[in-house]
Colleague: 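Here it is, the structure, as structure tokens.
Every number for a ligand or one of its atoms is a count from 1 in the order of the listing.
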Amino acid sequence: MKIGLFDSGVGGLFVLKEMLDIFPNNEYIYFGDTKNLPYGEKSKDELKEYSSKIIKFLFEKKVDIIIIACGTISTNIYNDIKNNYDIKIYDIVSPTIKYINSSKYKKIGIIGTKKTIESNFFENNIEKETISLACPNLVQLIENKEDDKIKEYIKENFKIFKNVDSLILGCTHYPYMEENINKLLKIDTVNMGKVLINNLKVSNSKKFKLDLYFSKITPSLKKNVNDILKNNYKIKEKVL
Ligand code: DGL
């Protein structure tokens with residue numbers, strides 16, 4: 001099977017990593033729109049413009065399915081784009097919402113980009129008590145691997161979650177700091193990529209192939225990609 005995934009940057013690689021672990025023998029094409037990052041600060045029209053270019057690119061590469069490995073696109077414009085193409089497009093948030101609604105958790109924390117939290121998508125669909133926080137700047141810190149600043153950010157801003165039963169990492173970049181959140185705050189976290197993969201029906205084919213495209217190659221990108229995927233893959237620059 002040929003699977004396309006996309007995000008604004010390296011965040012969707014955490015979803016890809018889960019897929020590679022469970023379905024290693026497939027063809028994958030990943031697009032990270034680093035030139036237009038951060039998506040969490042963009043208008044809906046801009047998000048529609050970026051995602052339609054990427055979907056067209058993946059479609060022309062003849063993928064069988066597309067996974068929107070981005071919380072911001074999934075919560076803001078999924079309904080506008082999901083039926084525009086003759087191909088199955090999966091969003092990243094709805095499996096997590098289903099999982100949370102059927103879980104034993106009572107009080108749910110949500111962190112996401114400004115645009116995701118403003119959409120109220122999680123709050124409107126989760127049938128539990130919720131507390132949410134928009135995290136501006138965090139995506140850039142993760143893209144640039146500014147680990148000390150990320151730890152400070154967690155300590156300073158995430159205290160409000162100390163009584164939640166579970167914290168949803170509502171942006172696909174956030175598994176980058178999952179270990180630190182668990183360690184520093186001692187709370188359970190939900191990684192949307194893991195939940196999606198557990199609910200996805202994908203057949204393994206015989207051949208493995210991975211193409212990684214980014215719209216802008218930044219200084220820390222190569223190391224970030226290798227660290228997340230725990231392998232040394234080639235990255236290509238592609239402006240759409
Ligand atoms: N990783 C994306 C998300 O899940 C986009 C983050 C951004 O570019 O602001 O929301």
Colleague: Based purely on interatomic distance, does Gly11 place a nitrogen or oxygen under 3.5 Å from a nitrogen or oxygen of ligand 1?
Modeller: no
Colleague: Just by distance, do the side chain of Lys151 and the backbone of Asp147 share a donor-acceptor pair under 3.5 Å?
Modeller: no
Colleague: Has the side chain of Lys186 got a donor or acceptor atom that lies under 3.5 Å from a matching backbone atom of Lys183?
Modeller: yes
Colleague: I'd like to know if Glu129 pairs up with Lys106 as an ion pair, taking the criterion as any Lys NZ or Arg NE/NH1/NH2 lying under 4.0 Å from an Asp or Glu carboxylate oxygen.
Modeller: no
Colleague: Nearest protein heavy atom to atom 1 (N) of ligand 1, by residue and atom, and its distance?
Modeller: His173 ND1, 2.7 Å
Colleague: Among protein heavy atoms, which sits nearest to atom 3 (C) of ligand 1, and what does the distance come to when rounded to 0.1 Å?
Modeller: Gly71 N, 3.2 Å
Colleague: Minimum heavy-atom separation for Gly193 and Val15, please, with both atom names.
Modeller: CA-CG2, 4.1 Å
Colleague: Tell me which protein heavy atom sits closest to atom 2 (C) of ligand 1, plus the residue, atom name and distance to 0.1 Å.
Modeller: Asp7 OD1, 3.1 Å
Colleague: Could you tell me whether Gly40 and ligand 1 have an N or O pair separated by under 3.5 Å?
Modeller: yes
Colleague: Distance-only, no hydrogens or angles: does the Asp211 side chain make a donor-acceptor pair with backbone N or O of Ile29 under 3.5 Å?
Modeller: no
Colleague: Quick check on the 6.0 Å ring-centre criterion: do Tyr213 and Phe57 meet it?
Modeller: yes
Colleague: Do ligand 1 and Ser8 have nitrogen or oxygen atoms that lie under 3.5 Å from each other?
Modeller: yes
Colleague: Taking the six-membered ring of Tyr50 (Phe, Tyr or Trp), confirm whether the NZ or CZ of Lys53 is under 6.0 Å from its centre and within 45° of its axis.
Modeller: no
Colleague: Got a donor-acceptor contact below 3.5 angstrom from the Asp91 side chain to the Ile73 backbone?
Modeller: no
Colleague: Compute the shortest N/O to N/O distance between Thr113 and ligand 1 and return yes if it is under 3.5 Å, no if not.
Modeller: no
Colleague: What protein heavy atom is closest to atom 7 (C) of ligand 1, reported as residue, atom name and distance in Å?
Modeller: Tyr39 N, 3.2 Å
Colleague: May I ask you to identify the nearest protein heavy atom to atom 10 (O) of ligand 1, giving residue, atom name and distance to one decimal place in Å?
Modeller: Thr72 OG1, 2.6 Å
Colleague: Going by the order shown, which atoms of ligand 1 are within less than 4.0 Å of some heavy atom of Val139?
Modeller: 6 (C), 7 (C), 8 (O), 9 (O)
Colleague: N/O of Glu41 under 3.5 Å from N/O of ligand 1, yes or no?
Modeller: no
Colleague: Looking at ligand 1, does Gly9 have a heavy atom less than 4.0 Å from it?
Modeller: no
